[in-house]
> 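Following this message is one structure expressed as structure tokens.
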Amino acid sequence: METIKHRTIAVNEINMHAAEKGDGPIVLFLHGFPELWYTWRNQILAMANHGYHAVAPDLRGYGDTDAPPSATSYTCLHVVGDVVALIDSLGVDEVYLVATDWGAMIGWYLCMFRPDKVKAFVCMSVAYCPRMPTMKPVKALTTFFGDDYYICRFQEPGVMEDEIKSYGVEYVLRSILTETRPGPLRLPKSEPFGPKSSNAPQLPSWLSQEDINYNVQKFEQKGFTGPLNYYRALDLNWELTAAWTGIQIKVPVIYVVGDKDLVYTTPGAKTYVHGVGFKKDVPLLQQVVVLEGVGHFLNQEQPQKINEIILDFIKNF
């Protein structure tokens with residue numbers, strides 16, 4: 001880990017922290033919620049050892065990257081602007097893209113707006129979600145899954161931040177990172193992360209106390225408003241992307257997901273991924289890989305397998 005280099009890059013009117021290692025073609029990693037560049041620690045080392053230059057930023061609002069306070073500063077246009085500026089700062093025209101969870105959503109937007117920047121996309125957990133022109137996302141999610149659905153619960157500024165504070169950052173991170181219930185994920189208004197009288201969940205074999213400590217330190221410093229603002233900008237993203245309704249994503253893609261992932265097990269997800277919809281929307285989709293016994297944080301849970309998948313895929317482009 002000490003061989004990974006860190007630097008701060010001025011992009012899109014913010015200062016972005018990035019971790020990097022290696023020389024060669026660039027593999028750009030985008031993390032999800034609630035993670036940091038650190039989620040890619042195993043992939044960074046593997047890519048560097050195989051002749052690639054791995055770059056993993058903290059997205060805006062996270063870790064050592066600036067965190068504008070307003071949710072209106074976290075739209076798809078802002079976050080893709082950050083990524084494009086980061087790519088340009090690296091002195092290349094295009095990159096191999098690897099992304100998970102919210103990073104995957106940003107990845108889909110990047111492929112939508114600037115496909116010229118992406119050689120190939122290794123997408124994890126969150127498949128493409130085509131824009132539904134008849135209903136805003138938050139209303140649709142509330143209709144389908146109820147007010148306690150986690151994205152709906154994240155909408156009101158300050159509320160979830162206060163609930164997280166009442167539990168403590170480590171307890172909440174442990175709860176989220178060890179979640180194994182099938183989706184849809186609901187956070188009830190009474191004790192959303194479980195009984196406060198209980199002990200924090202035990203760590204799985206793939207996550208050490210050292211790993212948790214690093215994440216806790218950064219989230220205690222930065223807070224959760226920035227990360228939650230991505231969810232609070234969902235309806236604004238819907239408004240801003242009206243002109244892209246019905247667009248196809250024309251970048252080579254491999255989609256990788258765990259069969260226990262709460263996104264994959266949410267009603268409707270498997271039908272879309274394995275039916276005609278996904279391939280219709282992403283015509284250059286090369287393969288769908290479902291890993292047995294693996295949950296939402298697959299790149300941490302099965303790092304060696306994920307490294308193999310990335311390397312086998314990107315060598316073709």
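One-based numbering along the sequence shown.
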> Is there a donor-acceptor pair under 3.5 Å between the side chain of D58 and the backbone N or O of A18?
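Looks like no, no N/O pair under 3.5 Å.
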> For a 4.5 angstrom cut-off between non-hydrogen side-chain atoms, does M105 reach V79?
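Sidechains of V79 and M105: no contact.
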> Knowing that exactly one of Y230, Y74, Y231 qualifies, which makes a ring-ring contact (aromatic ring centres under 6.0 Å, His included) with F33?
Y231
> Measure from the side-chain N and O atoms of T265 to the backbone N and O of G183, and report whether any donor-acceptor pair falls under 3.5 Å.
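A pair under 3.5 Å: yes.
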> Taking only Lys NZ, Arg NE, NH1 and NH2, and the carboxylate oxygens of Asp or Glu, determine whether D82 and R60 approach each other closer than 4.0 Å.
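Yes, charged N to carboxylate O under 4.0 Å.
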> Is it true that R153 and E163 make a salt bridge, defined as a side-chain N closer than 4.0 Å to a carboxylate O?
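A salt bridge is present here (some side-chain N lies under 4.0 Å from a carboxylate O).
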> Distance-only, no hydrogens or angles: does the N213 side chain make a donor-acceptor pair with backbone N or O of Q209 under 3.5 Å?
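Indeed, once roles are kept as given, a pair shorter than 3.5 Å links the two residues.
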> Can a salt bridge be assigned to the pair D93 and K117 using a cut-off of 4.0 Å between side-chain N and carboxylate O?
no
> In terms of side-chain geometry, is the basic nitrogen of K136 or E239 positioned less than 4.0 Å from the acidic oxygen of its partner?
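Counted as a salt bridge, because a side-chain N and a carboxylate O are separated by less than 4.0 Å.
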> Looking at E161 and R232, does any basic side-chain N land under 4.0 Å from a carboxylate oxygen?
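A salt bridge is present here (some side-chain N lies under 4.0 Å from a carboxylate O).
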> Does any non-hydrogen side-chain atom of W238 lie less than 4.5 Å from one of P133?
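Counting from C-beta outward, P133 and W238 never come under 4.5 Å.
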> Between K196 and E191, does any side-chain N to carboxylate O distance fall below 4.0 Å?
no
> Are R181 and E179 ion-paired here, with the side-chain N under 4.0 Å from a carboxylate O?
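So R181 pairs with E179 through a salt bridge.
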> Is the distance from the ring center of W102 to that of H31 below 6.0 Å?
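No; H31 has its ring centre 6.0 Å or more from that of W102.
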> With sequence neighbours left out, what residues match F317 under ring pair (Phe, Tyr, Trp, His ring centres under 6.0 Å)?
F313
> Could you check Y96 against H53 for ring-ring contact (aromatic ring centres under 6.0 Å, His included), going step by step and ending with a plain yes or no?
CA-CA 10 Å; Y96 296 111; H53 178 184; over 10 Å; no
